[in-house]
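This is the structure I have questions about; it appears just below.
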Amino acid sequence: MRYWLMKSEPDAFSIDDLERVGREPWDGIRNYQARNYMRDEMEIGDLAFFYHSNAKPTGIAGIMRIASHAYPDPTALDPDAKYYDPKSKPERPRWYLVDVEFVRKFKRIITLAELRLHQELDGMPLLRKGNRLSIMPVAAEHWDLILGLE
DNA sequence: GCCAACGTTGGC
DNA sequence: GCCAACGTTGGC
């Protein structure tokens with residue numbers, strides 16, 4: 001069982017939206033590294049931080065659970081969808097997603113600025129300069145430390 | 001196969 | 001809204 005961090009812009013889909021629907025396909029990922037994590041490494045039951053990007057403030061808003069194995073992202077195959085990719089074909093899908101389930105919302109956002117204050121978190125990919133990856137692994141010790149901040 | 005141009009992400 | 005970082009595309 002592994003830990004992850006997954007970004008979403010709350011204007012598009014927030015932790016409150018996930019709480020309302022309970023379960024949601026994490027669609028629209030169009031980055032190979034992020035796709036590979038979902039397709040090749042995620043397992044049902046893994047836990048993930050729900051991270052609000054491009055938000056006020058940016059930071060970790062809660063926890064969700066990986067609820068399915070990876071399957072082809074239907075929005076890549078639908079010409080009318082925002083994330084349509086003509087290079088993805090039903091017989092050879094290029095993009096994959098997993099379903100996620102709401103677990104809980106934090107009492108407060110643990111902000112990016114606050115995470116940067118903790119030297120123990122220096123190795124986190126999230127905090128690396130220039131990082132733009134929207135899905136990334138979280139080390140168990142980092143996961144535990146962040147939970148302690150809430 | 002190189003690499004410049006371009007587009008996107010995402011913090012600020 | 002700005003802009004740094006970086007992934008992708010496409011001409012050669």
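Labels below follow one simple rule: chain letters A, B, ... track the order of the sequence lines, proteins then strands, and each chain is numbered from 1.
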For the side chain of His52(A) and the backbone of Ile15(A), is there at least one donor-acceptor N/O pair under 3.5 Å apart?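 Yes; at least one donor-acceptor contact below 3.5 Å.
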Is the side chain of Asp27(A) donor-acceptor paired with the backbone N or O of Leu97(A) at a distance under 3.5 Å, no angle test?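 Such a contact is absent between Asp27(A) side chain and Leu97(A) backbone.
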Which residues, if any, of residues 51-59 of chain A bring a heavy atom under 4.0 Å of DNA chain B?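 Close to the strand are Tyr51(A), Ser53(A), Asn54(A), Thr58(A).
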With the threshold set at 4.0 Å, does a side-chain nitrogen-carboxylate oxygen contact exist between Asp46(A) and Arg2(A)?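 Salt bridge: no.
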Which one of Trp95(A), Tyr96(A), Tyr37(A) satisfies the ring pair (Phe, Tyr, Trp, His ring centres under 6.0 Å) criterion with Tyr32(A)?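 The residue from Trp95(A), Tyr96(A), Tyr37(A) that satisfies ring pair (Phe, Tyr, Trp, His ring centres under 6.0 Å) with Tyr32(A) turns out to be Trp95(A).
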For the backbone of Ile29(A) and the side chain of Arg35(A), can you confirm whether one donor and one acceptor N or O come within less than 3.5 Å of each other?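 Here the side-chain-to-backbone pair does not exist.
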Residues Lys105(A), Asp16(A): salt bridge by 4.0 Å N-O rule: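 Judged by the 4.0 Å cut-off on N to carboxylate O distance, Lys105(A) and Asp16(A) do form a salt bridge.
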When rounded to the nearest 0.5 angstrom, what distance separates CD1 in Ile60(A) from CD in Glu114(A)?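 Result: 9.5 Å between the selected atoms.
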Around Gln119(A), counting heavy atoms of other residues, nucleotides and ligands shown, do more than 12 lie under 6.0 Å from its CD?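 For Gln119(A), atom CD is not crowded (no more than 12 foreign heavy atoms under 6.0 Å).
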Any chance the rings of Trp4(A) and Phe49(A) have centres within less than 6.0 Å?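 No.
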Using a 4.0 Å cut-off on protein heavy atoms (strictly under), produce a 5'-to-3' string for nucleotides 3-8 of chain C with B for base contact, S for backbone-only sugar-phosphate contact, and - for none. --BBSS
If the test is side-chain contact (heavy atoms from CB on, under 4.5 Å), which one of Met6(A), Lys7(A), Glu19(A), Met64(A) qualifies with Phe50(A)?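 Filter result, single survivor: Met64(A).
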Name every residue in residues 3-18 of chain A that has at least one heavy atom under 4.0 Å from any atom of DNA chain C, in order of residue number, or write none if there are no such residues.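 The stretch gives none, as no residue of it lies under 4.0 Å from the strand.
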